[in-house]
Protein chains: 2
Amino acid sequence: MAIFSKTCEYAIRAVFYIAHKTANGGRVGIKDIATGIVSPELYLAKILQDLSRKGLISSYKGPNGGFFIEPTSLSKPLSEIVEAVDGDSLFYGCALGLKQCSEVNPCPLHNDFKAIRDKIHLLLNTTTVGEFNNELMNGLFSLKK
Amino acid sequence: MAIFSKTCEYAIRAVFYIAHKTANGGRVGIKDIATGIVSPELYLAKILQDLSRKGLISSYKGPNGGFFIEPTSLSKPLSEIVEAVDGDSLFYGCALGLKQCSEVNPCPLHNDFKAIRDKIHLLLNTTTVGEFNNELMNGLFSLKK
DNA sequence: ATAATAAAAGACAAAAGTATCTTCTATTAT
DNA sequence: ATAATAGAAGATACTTTTGTCTTTTATTAT
Ligand code: FES
Ligand code: FES
């Protein structure tokens, strides 16, 4: 099992792509994004519409329209994207699938797993949407499958 | 998304259950296990048959038959269970779904994620199947959904 | 031998996730 | 007005995961 759903992988890659493409203004179309991150265009469109509805990214209709990210949104943590797509079970759920992760009735892995879960949460809370713009422009990081 | 598949959650809970029930000899039947960890009996049966085929647990047919775990198997790491059920993508796969996680063509999350991934791997490599037998017998840990 | 018990196996079914296609509407640059 | 682009909605399909049902086989107490 991967740590994120496929939908969430597409979402994160797309958001990084949009961020670094529009950090200095402009918009980027769905075709461009789908090609840039190698993902099924129409499926990605649905995902981005959802993220747009939730205010995590912005869009503009009409010619030269497309998706973009508000400068202020560039500092949003990646955890918001993950939570919007995959929910928060990665941050708060029990590793062994107990209905409720709790200190009073923990599963055997609780203590060790909680520490790891918190690290994941911290990573995604402190990583921002626009954090890798420079590296992405320099081609140091890849978003292509 | 949870960190393990539902199948893997059942598998781990069942293995812990069998381990602490049969650490001092004896066998435990599928009905008992399914009740003990609150899981669909027939689905769990398939999972356990698979683990048995792979030698991670043992079984005995006939009256008073059932599943058990060899004393030597109690010291096997939990990672073997996880790998048998969910594969190794949790340990080696790219967080953002790139075909290949690599240093030369990394995704933006590669560095930070690799550290977390390694912690998960270490946790599962150092946690053994029989590690929680005492706590489970004392009711300190729960395996029930 | 027989009956009881449980594992094993295969077919099937339901649900969720992933993906595609089509149609229509809204917006805006030209 | 026209063309370009995204939003929205709904139908459909494919795949994987999860779960159920039925039958067969193996073992052993009696
Ligand atoms: S109870 Fe399982 S992780 Fe907390
Ligand atoms: S390339 Fe994505 S985690 Fe290594």
Side-chain angles (χ1 to χ4, degrees), chain A residues 1-14 18 21-22 25-35 37-69 84-87 89-90 96-97 145, chain B residues 1-14 18 21-22 26-69 82 84-87 89-90 97 145:
Chain A
M1 280 257 302
I3 195 136
F4 301 126
S5 70
K6 238 171 188 3
T7 305
C8 193
E9 291 173 356
Y10 292 148
I12 298 175
R13 301 219 304 270
I18 299 170
K21 281 279 185 175
T22 69
R27 296 143 197 160
V28 54
I30 182 69
K31 268 183 219 303
D32 186 345
I33 305 169
T35 307
I37 70 169
V38 185
S39 72
E41 180 187 329
L42 294 166
Y43 188 59
L44 182 63
K46 297 228 157 184
I47 300 171
L48 295 186
Q49 279 162 27
D50 184 46
L51 292 181
S52 174
R53 234 177 282 121
K54 289 175 174 158
L56 296 169
I57 62 180
S58 309
S59 68
Y60 206 83
K61 294 176 182 181
N64 301 320
F67 293 92
F68 62 103
I69 296 191
V85 177
D86 276 352
S89 59
L90 185 60
L96 298 190
K145 187 183 333 185
Chain B
M1 281 261 298
I3 194 134
F4 301 126
S5 70
K6 238 174 187 1
T7 305
C8 194
E9 291 173 354
Y10 292 149
I12 298 175
R13 301 220 305 273
I18 299 170
K21 281 279 186 175
T22 68
R27 297 142 198 161
V28 54
I30 183 70
K31 268 184 219 303
D32 185 346
I33 304 169
T35 306
I37 70 170
V38 185
S39 72
E41 179 187 328
L42 293 166
Y43 188 56
L44 181 63
K46 299 234 150 180
I47 301 171
L48 295 187
Q49 279 161 27
D50 184 45
L51 293 181
S52 172
R53 233 176 284 121
K54 288 173 176 160
L56 297 168
I57 61 179
S58 311
S59 69
Y60 206 83
K61 294 178 183 179
N64 300 318
F67 292 94
F68 63 101
I69 295 190
V82 172
V85 177
D86 277 353
S89 59
L90 184 60
K145 187 181 336 183

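Lettering of chains follows the sequences in order, A, B, ..., and the numbering in each one begins at 1.
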If I take atom [atom1] in residue [X] and atom [atom2] in nucleotide [N], what distance separates them, rounded to the nearest angstrom?
| X | N | atom1 | atom2 | answer |
| --- | --- | --- | --- | --- |
| A/Met1 | C/dT18 | CE | P | 10 Å |
| B/Ile47 | C/dA9 | CD1 | P | 15 Å |
| A/Leu42 | C/dT23 | CG | C1' | 13 Å |
| B/Lys31 | C/dA4 | NZ | C1' | 13 Å |
| B/Glu9 | D/dG19 | CD | P | 10 Å |
| A/Leu44 | C/dC21 | CG | C1' | 16 Å |
| B/Lys54 | C/dA7 | NZ | P | 18 Å |
| A/Phe68 | D/dA6 | CZ | C1' | 12 Å |

| request: Step by step, work out the side chain to side chain contact (heavy atoms under 4.5 Å, CB included) result for B/Phe4 and B/Ile12. | output: CA-CA 10 Å; B/Phe4 301 126; B/Ile12 298 175; 3.9 Å; yes

What's the spacing between [X] [atom1] and [Y] [atom2] if we round to 0.5 Å?
| X | Y | atom1 | atom2 | result |
| --- | --- | --- | --- | --- |
| A/Met1 | B/Met1 | CE | CE | 4.0 Å |
| A/Ser58 | A/Ile18 | OG | CD1 | 9.5 Å |
| A/Ile69 | A/Thr22 | CD1 | OG1 | 5.5 Å |

Listing, residues 28-39 of chain B side-chain donor-acceptor contacts under 3.5 Å, not counting sequence neighbours, or none:
residue	atom	partner	partner atom	Å
B/Asp32	OD1	B/Tyr17	OH	2.5
B/Thr35	OG1	B/Lys31	O	2.8

Partners of [X] by side-chain hydrogen bond (donor to acceptor under 3.5 Å, both in side chains), sequence neighbours excluded?
| X | value |
| --- | --- |
| B/Lys54 | B/Asp50 |
| B/Tyr43 | B/Thr7 |
| A/Ser5 | A/Asp86 |

| request: Quick one: list whatever passes salt bridge (Lys or Arg N to Asp or Glu O under 4.0 Å) with A/Lys6, sequence neighbours left out. | output: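 Once residues adjacent in sequence are excluded, the partners of A/Lys6 under the salt bridge (Lys or Arg N to Asp or Glu O under 4.0 Å) criterion are A/Glu9.
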
| field | For B/Ser89, side-chain contact (heavy atoms from CB on, under 4.5 Å) partners two or more places apart | value |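 With sequence neighbours excluded, B/Ser89 shows a side-chain contact (heavy atoms from CB on, under 4.5 Å) to no residue whatsoever.
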
| task | Tell me, with the steps shown, if A/Phe67 and A/Leu51 meet side chain to side chain contact (heavy atoms under 4.5 Å, CB included). | result | CA-CA 11 Å; A/Phe67 293 92; A/Leu51 292 181; over 6 Å; no

Pick out the pairs of N or O atoms, protein on one side and nucleotides 8-18 of chain D on the other, that lie under 3.5 Å.
residue	atom	partner	partner atom	Å
D/dA8	OP2	A/Arg53	NE	3.4
D/dG10	O6	A/Lys46	NZ	2.8
D/dT18	OP1	B/Lys6	N	3.1
D/dT18	OP2	B/Thr7	OG1	2.8

| query | Can you tell me if the side-chain N/O atoms of B/Ser59 get under 4.0 Å from OP1 or OP2 in C/dA6? | reply |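 Checking B/Ser59 against C/dA6: no side-chain N or O falls below 4.0 Å of OP1 or OP2.
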
Might you list the N or O atoms of the protein lying below 3.5 Å from N or O atoms in nucleotides 25-28 of chain C, with each pair's distance?
residue	atom	partner	partner atom	Å
C/dT27	O2	A/Gly62	N	3.3

| DNA chain C in dot-bracket, Watson-Crick or G-U pairs under 3.5 Å, [ ] crossing, | other strand? | ||||||||||||||||||||||||||||||

| task | Classify the nucleic acid contact of B/Ile30 as base, sugar-phosphate or nothing, counting any heavy atom under 4.0 Å across all strands shown. | result |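 Since only primed, P, OP1 and OP2 atoms lie under 4.0 Å of B/Ile30, the category is sugar-phosphate.
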
